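To start, the structure under review is shown below, and the notes come after it.
Since the structure is predicted, the reported quantities are computational estimates derived from the model, not experimental observations. Just so it is clear: chains get the letters A, B, ... in the order the sequence lines come, proteins before strands, and each one is counted from 1.
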Number of protein chains: 2
Amino acid sequence: MLADDVHEAIKALIMDHVLEPGARVSIDGLARQLGVSPTPVREALARLESAELVVKEPLRGYRTSPLLSREQLDDLYQFRLLIEPWAAARAAEHADAEGRERLEAEMRSCATPASDTYDSYKALAAHDTRFHVLVAELAGSAQVRRAFERTHCHLHVFRLHYDRGLGERTLAEHRRITRAVLDRDPVAAEAAMRGHLEAACYERLRPVSEEAGGPTQG
Amino acid sequence: MLADDVHEAIKALIMDHVLEPGARVSIDGLARQLGVSPTPVREALARLESAELVVKEPLRGYRTSPLLSREQLDDLYQFRLLIEPWAAARAAEHADAEGRERLEAEMRSCATPASDTYDSYKALAAHDTRFHVLVAELAGSAQVRRAFERTHCHLHVFRLHYDRGLGERTLAEHRRITRAVLDRDPVAAEAAMRGHLEAACYERLRPVSEEAGGPTQG
DNA sequence: ATCACTCAGATCGTGTAGGAAATTTCCTGT
DNA sequence: ACAGGAAATTTCCTACACGATCTGAGTGAT
């Protein structure tokens, strides 16, 4: 299916900063560049628009979504803090043997690359994406999983700064969440996920405003 | 923009049961029926696919999304219970004067029609949709609002049974939530929203399984 | 006689090519 | 330097061709 290939190609172009945030996406230009006719490009862009990866300006064409503002990133992490700790707790409660094995396999696949190359970073980011989706999946709630996926949070964070916040500490935090899930300890899983997100949030939002005391959720 | 009109037209067809759940959606058929060429129909269907209102089977066409199963409806309300009480609390904390006025206006617009006609039911359902979106909006979190809207929960519930669960009690519960928000009482707003959703949930899922005691969230 | 398989016609999704309308850009004239 | 207008680019839709899938009849086997 050509339209699907085009869809993936454009997503990759956005992911790799070839199409920068806010850049105009010419429908004919992409068609020529990819060697196809405009029709499948239109279909792909229509889907990307529903996913909010591009925005449409009638009679003027498409642009890639702009970078998240400070407030929007804050809001994004607030949302993640609302659903992901909950998902981690439910995963600890409900994950079956096959699910726990998948979680262990994901962690094994990322023993410790941690080189400083761009590719290494991308691999780690891909692991991070898979890990969080997997936790949402193990929670047994398709709604929560889809809600998480539709935030495209890794894409947004990646576009903002693809050099910060992922490293050995991320893996250590993932291991802690994994351990709690495997131990069937919902309280520990929830706390570990909350801590993981708050660490990433503070890391990325630094300097962070010192309004009131205590973390986002209390 | 023709594609936008087609998009809205198809959404309306789904909403009004003209296109039944799981029904095949012919691309050429719709084009003839709407008096346009297939291209804008394809674009509209691509967007509806991203919104999960239709599903695509490659080389075989589109179908409207199937009805929600009991488990999926349960999952949907679990998700609503996760985000909407939170949103109600944040709305009570953060809503400004203009927001509170909009909430009051929405409630005024629905004094008490409550006739038993189909149109009356549709009007009430539309109010219900607007009310819940408005609460999410007043919470100040675009992520939560979008996550809620993307569930299309009113569409799904409407398709399952468009005759149950909406009535004077719904309005009374909305009033209670509104009062708590206007009183800037987050705890009461959260509790009222939780009670509202649980009432709707139990009403719709009856007979409900009697696993353990107490409501969904504990 | 009934059932299963095969093959042909029809139907529909998919991609291409071309033309109309609108916007943007560039040039010219004041 | 600024306003007006025309050319060029681009979006958007239509019309058409190709290929795959589904439907039905017909044939053969059990």
Side-chain angles (χ1 to χ4, degrees), chain A residues 1-67 152 155 159, chain B residues 1-67 152 155 159:
Chain A
M1 198 76 21
L2 242 183
D4 289 342
D5 297 345
V6 173
H7 180 264
E8 292 304 317
I10 300 177
K11 209 150 83 170
L13 288 177
I14 298 175
M15 195 64 184
D16 285 351
H17 285 109
V18 180
L19 289 176
E20 298 190 6
R24 300 213 44 186
V25 182
S26 164
I27 213 163
D28 270 313
L30 263 178
R32 277 191 300 273
Q33 182 178 338
L34 298 174
V36 298
S37 72
T39 302
V41 177
R42 288 178 70 82
E43 186 173 331
L45 285 173
R47 276 195 273 174
L48 289 167
E49 188 207 0
S50 258
E52 296 184 73
L53 290 179
V54 301
V55 293
K56 175 178 178 168
E57 304 169 65
L59 295 179
R60 293 185 51 185
Y62 291 90
R63 314 177 75 93
T64 56
S65 301
L67 272 185
H152 300 288
L155 168 64
R159 298 197 332 176
Chain B
M1 198 75 19
L2 242 183
D4 290 341
D5 297 344
V6 173
H7 180 266
E8 293 304 318
I10 300 176
K11 210 151 83 171
L13 287 177
I14 297 175
M15 196 63 186
D16 284 352
H17 286 110
V18 180
L19 290 176
E20 297 190 6
R24 301 214 46 182
V25 181
S26 164
I27 224 164
D28 273 313
L30 263 179
R32 277 191 298 273
Q33 183 178 337
L34 298 174
V36 299
S37 74
T39 301
V41 176
R42 290 187 56 186
E43 185 174 330
L45 285 172
R47 277 195 272 175
L48 289 167
E49 187 207 1
S50 259
E52 296 183 73
L53 290 179
V54 301
V55 293
K56 174 177 179 165
E57 304 169 65
L59 295 178
R60 293 186 51 186
Y62 291 90
R63 313 178 76 93
T64 56
S65 301
L67 272 186
H152 300 289
L155 169 63
R159 297 195 337 174

Side chain to side chain contact (heavy atoms under 4.5 Å, CB included) between B/I14 and B/R159, intermediate numbers included: CA-CA 9 Å; B/I14 297 175; B/R159 297 195 337 174; 3.5 Å; yes
Under 3.5 Å donor-acceptor, A/R63 side chain and A/V55 backbone: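 No, because the side chain of A/R63 does not come within donor-acceptor range (under 3.5 Å) of the backbone of A/V55.
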Side chain to side chain contact (heavy atoms under 4.5 Å, CB included) assessment of B/L19 paired with B/V54: CA-CA 11 Å; B/L19 290 176; B/V54 301; over 6 Å; no
Heavy-atom neighbours of B/E20 CD exceed 12 at 6.0 Å: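 Atom CD in B/E20 is not crowded, with 12 or fewer foreign heavy atoms closer than 6.0 Å.
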Which atom of A/P40 lies closest to which atom of A/V6, heavy atoms considered: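 Nearest heavy atoms, A/P40 then A/V6: O-CG1, 4.3 Å.
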Shortest non-hydrogen contact between B/P66 and B/P21, atoms and distance: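 Closest heavy-atom pair between B/P66 and B/P21: C-CB, 4.2 Å.
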A/M1 and B/L59: CA distance, side-chain angles, deciding distance, side chain to side chain contact (heavy atoms under 4.5 Å, CB included) verdict: CA-CA 9 Å; A/M1 198 76 21; B/L59 295 178; 4.0 Å; yes
side-chain contact (heavy atoms from CB on, under 4.5 Å), paired with B/L48, selected from B/T64, B/V25, B/I10: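 Only match with B/L48 under side-chain contact (heavy atoms from CB on, under 4.5 Å): B/I10.
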Any N/O donor-acceptor pair, B/R42 side-chain to C/dG15 base, under 3.5 Å: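 Result: at least one qualifying N/O pair found.
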B/H152 and B/E52: CA distance, side-chain angles, deciding distance, side chain to side chain contact (heavy atoms under 4.5 Å, CB included) verdict: CA-CA 9 Å; B/H152 300 289; B/E52 296 183 73; 5.8 Å; no
Test item: B/E49 and B/L45 side chains (from C-beta on) under 4.5 Å apart, heavy atoms: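 Of all side-chain heavy-atom pairs linking B/L45 with B/E49, none is under 4.5 Å.
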Terminal contacting nucleotides, 5' and 3', DNA chain D versus chain B (heavy atom, 4.0 Å):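 First and last nucleotides in contact are D/dC12 to D/dC22.
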Of residues 55-64 of chain A, the positions that come close to DNA chain C - non-hydrogen atoms, cut-off under 4.0 Å: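 By residue number: A/L59, A/R60.
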Separation of atom CD in B/E43 from atom P in C/dG15, rounded to whole Å: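 One finds 15 Å between P of C/dG15 and CD of B/E43, rounded.
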Strand-adjacent residues in residues 20-38 of chain A, judged by heavy atoms under 4.0 Å from DNA chain D: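 Contacts with DNA chain D under 4.0 Å: A/S26, A/I27, A/D28.
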